[in-house]
Protein chains: 2
Amino acid sequence: MCKPLPLENNLLHDSPQQNHLDVTHIKSSCATCSLRELCLPVGLNNQEIQILGDVVSHKRKVRRGGYLHQSGLKFQSLFAIRSGFLKTCVLEEDGRQQVTGFHMTGELLGLDAISSEIHTCDAIALEDSEVCEIPFTKLEEISIIIPSLMRHFHKIMSREIVRDHSVMLLLGSMKAEERLASFLLNLSRRFSMRGYSESDFNLRMTREEIGSYLGLKLETVSRAFSKLQDENIITVDNKHIQINDINRLKMKMGNSSCIT
Amino acid sequence: MCKPLPLENNLLHDSPQQNHLDVTHIKSSCATCSLRELCLPVGLNNQEIQILGDVVSHKRKVRRGGYLHQSGLKFQSLFAIRSGFLKTCVLEEDGRQQVTGFHMTGELLGLDAISSEIHTCDAIALEDSEVCEIPFTKLEEISIIIPSLMRHFHKIMSREIVRDHSVMLLLGSMKAEERLASFLLNLSRRFSMRGYSESDFNLRMTREEIGSYLGLKLETVSRAFSKLQDENIITVDNKHIQINDINRLKMKMGNSSCIT
DNA sequence: TATTAACTTTGATTCAGATCAATCAGAGCA
DNA sequence: TGCTCTGATTGATCTGAATCAAAGTTAATA
């Protein structure tokens, strides 16, 4: 009853690129925009990669604080993050705002806009970032030629739905400290999958942005950080986080009814 | 600043079948399982409908309280609801549970399972229901033959993501009464789109299930109902709901900082 | 039709997190 | 170097929703 929960079922995000590209070298029409980092080419052969490469040719930079896309604007392309860190957020006229996700290398942005062909959220860079633009109609066209690409794209969309359901569970039934623990473990895992330390990293977002994502006020986020630090589970120095005891952090997330 | 929010941007669900099937008569291998009600055939010609009909041939009934699918089981098919009412919920080992959605005629279930090919949530009928089973690999195959079907399917998936983001906004930033108002307006709209009254309907779910969906305890849901009734905005008789003043209900949802 | 079980409402009390407020730390800049 | 601005921390207080508890109501089943 009180055993720690398995990692995979509980984290907010699933990685969109668990099986990283196993192709050694790619010729693409855009030499600087290697497909290597992207989430899409998983399991494609060289010729297929070539076809995809012709579509994913346009690279774009977004400076810290800049918009990759804005809610209300016409949708034309998905964006695959090559480097950097972005947030997406939905905004109501009444000022209510909700950060719906934080996104890093290899992840795909813009999926929400396919339905209405209008972006439903803002995507804002939290550090200087680079993305590859993928014109969506072209992606659909080559999906017909490369069924494995289509299948993979469907999985990416589905994974986003699973991720959203996890966040709904978090927002609907977790306490502040549990939410923060989930959040940190999720970041930890995603950093580690990208070859960075799982226990030592810098946050790119403010306490307020974390709060918006987790359905908490910034003061509550700050207090939860301090609490975890007091218990020696993490060390916090402003945006720099060290996880000292990942198992106890998992316990925090796992089950509030456990006596701690 | 305090104007009521436009309906479309604020409701929890978008309908997956706004453009209802405009084809008059369909020959299908499953006469009793007309494609008419389904969300998929939008904009297809007769021949295409025929192809789709061969895929969507298997009909299934689920009695009230029964499972359509269970978390952890292998995914093979999507399910299009022909009639009835279901809930989906994610369940943690520690007993934490979250209703992730309520689903009615024309909606498509199972999208979350595409990513891992294992169902990540339970789908339980809240009243006797009928669904059409759509083997997913077959759907992907004919998507190649019928690009407009593929495009439509992508839109359906994307719409689910948009819906989930709305729920995240609700869970992350709304007060109890606002959440209930959103919920009722959403149901109202979906009933009305299906030809039922938008102001007079029966709930299929318990207060506890509503609470789970809205991130509230059942007592809080009950109190919120009573409060809206005291203000003459709705009339509640157990599961039977009448909306007396839809505009004031929208105000409730719109902006808590409005003086009411 | 009686009996039980499941669901709903309402009240009293408690508590987690919001709000209000003050201080502090770091970054950018004149 | 001091100044300003943004963001982070911490404390005090308040409040909305959770929790605990007791009826009351409806639906299910024998």
Colleague: Taking the minimum atom-to-atom distance to the side chain of A:K175, which one of C:dG17, D:dA18, C:dT8 wins?
Modeller: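 Per side-chain heavy atoms of A:K175, the pick is C:dG17.
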Colleague: Please report, rounded to the nearest Å, how far the C1' atom of D:dT9 is from the CG atom of A:L228.
Modeller: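 In whole Å, D:dT9 C1' lies 15 Å from A:L228 CG.
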Colleague: Whole angstroms only, please: what is the CD-P distance between B:Q229 and C:dT8?
Modeller: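 Distance check: B:Q229 CD to C:dT8 P gives 15 Å.
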Colleague: Using 4.0 Å as the upper bound for N to carboxylate O, is an ion pair formed by B:K252 and B:E231?
Modeller: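 A salt bridge links B:E231 with B:K252.
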Colleague: Under 4.0 Å between a side-chain N or O of A:T220 and OP1 or OP2 of C:dA18?
Modeller: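 For C:dA18, OP1 or OP2 has a side-chain N or O of A:T220 closer than 4.0 Å.
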Colleague: Taking atom P of D:dA18 as reference, at what distance in whole Å does atom CD of B:E177 sit?
Modeller: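 Rounding to the nearest Å, CD of B:E177 and P of D:dA18 are 14 Å apart.
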Colleague: Aromatic ring centroids of B:Y213 and B:F102 under 6.0 Å?
Modeller: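 They qualify: ring centres under 6.0 Å apart.
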Colleague: Going by an N to O cut-off under 4.0 Å, is there a salt bridge joining B:R159 and B:E107?
Modeller: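 No salt bridge links B:R159 with B:E107.
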Colleague: Hey, which of these two, B:R64 or B:V221, hits DNA chain D nearer its 5' end, going by closest nucleotide?
Modeller: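 The residue whose closest nucleotide sits nearer the 5' end is B:V221.
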Colleague: On DNA chain C, does the nearest nucleotide to B:E208 precede the nearest nucleotide to A:R223 from the 5' side, or the other way round? Give the residue.
Modeller: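 The answer here is B:E208.
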Colleague: Measure the distance from NZ on B:K239 to P on C:dA6 and round it to the nearest whole Å.
Modeller: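 Nearest whole value for this atom pair: 13 Å.
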Colleague: Nearest nucleotide by nearest heavy atom, which residue falls closer to the 5' end of DNA chain C, A:E219 or A:D237?
Modeller: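 Going by which nucleotide is closer to the 5' end, it is A:E219.
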Colleague: Is the phosphate of D:dT25 approached by B:R207 (side-chain N or O, under 4.0 Å from OP1 or OP2)?
Modeller: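 Checking D:dT25 against B:R207, no side-chain N or O comes under 4.0 Å of OP1 or OP2.
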Colleague: Report the distance from atom CZ of B:F225 to atom P of C:dC7, rounded to the nearest whole Å.
Modeller: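 Going from B:F225 (CZ) to C:dC7 (P), I get 15 Å.
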Colleague: Categorize B:L218 for me: base, sugar-phosphate, or nothing, with a 4.0 angstrom heavy-atom threshold over every strand shown.
Modeller: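 It contacts base atoms.
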Colleague: Hey, is the side chain of B:S226 poking within less than 4.0 Å of OP1 or OP2 on C:dT10, counting only N and O atoms?
Modeller: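 For B:S226, the contact criterion (side-chain N or O under 4.0 Å from OP1 or OP2 of C:dT10) is met.
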Colleague: When you measure from the side chain of B:A176, which nucleotide among C:dT8, C:dG26, D:dA17 comes out closest?
Modeller: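 Nearest to the side-chain atoms of B:A176, counting from C-beta on, is D:dA17.
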Colleague: How is B:S222 classified with respect to the nucleic acid when contacts are heavy atoms under 4.0 Å: base, sugar-phosphate, or nothing?
Modeller: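 Base contact - B:S222 has a heavy atom under 4.0 Å of at least one base atom.
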Colleague: With a 4.5 Å limit on heavy-atom distance, are the side chains of A:L171 and A:R179 in contact?
Modeller: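 Yes, close enough: below the 4.5 Å cut-off.
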Colleague: Are the charged groups of B:E209 and B:K87 less than 4.0 angstrom apart, N to O?
Modeller: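 Judged by the 4.0 Å cut-off on N to carboxylate O distance, B:E209 and B:K87 do form a salt bridge.
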Colleague: When all nucleic acid strands are considered with a 4.0 Å heavy-atom cut-off, which category describes A:K227: base, sugar-phosphate, or nothing?
Modeller: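 Result for A:K227 = nothing.
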Colleague: Respond yes when some side-chain nitrogen or oxygen of A:K217 is under 4.0 Å from OP1 or OP2 of C:dT19, and no when none is.
Modeller: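 So the side-chain polar atoms of A:K217 do come within 4.0 Å of the phosphate oxygens OP1 or OP2 of C:dT19, strictly under.
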Colleague: Provide, to the nearest angstrom, the distance between the CG atom belonging to B:L171 and the C1' atom belonging to D:dG16.
Modeller: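 Checked: the CG to C1' distance equals 16 Å.
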Colleague: Charged N to carboxylate O under 4.0 angstrom, B:E127 versus B:R64?
Modeller: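 No, B:E127 and B:R64 are not salt-bridged.
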Colleague: Using whole Å, report how far CE of B:M174 lies from P of D:dG16.
Modeller: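 For the pair B:M174 CE and D:dG16 P, the rounded distance is 17 Å.
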Colleague: Give B:G211 one of three labels, base, sugar-phosphate or nothing, depending on what nucleic acid heavy atoms sit under 4.0 Å from its own.
Modeller: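 Counting heavy atoms under 4.0 Å across all strands, no contact is made by B:G211.
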Colleague: Could you give the CG-to-C1' distance, from A:N202 to D:dA8, as a whole number of Å?
Modeller: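 The answer, rounded to whole Å, is 15 Å.
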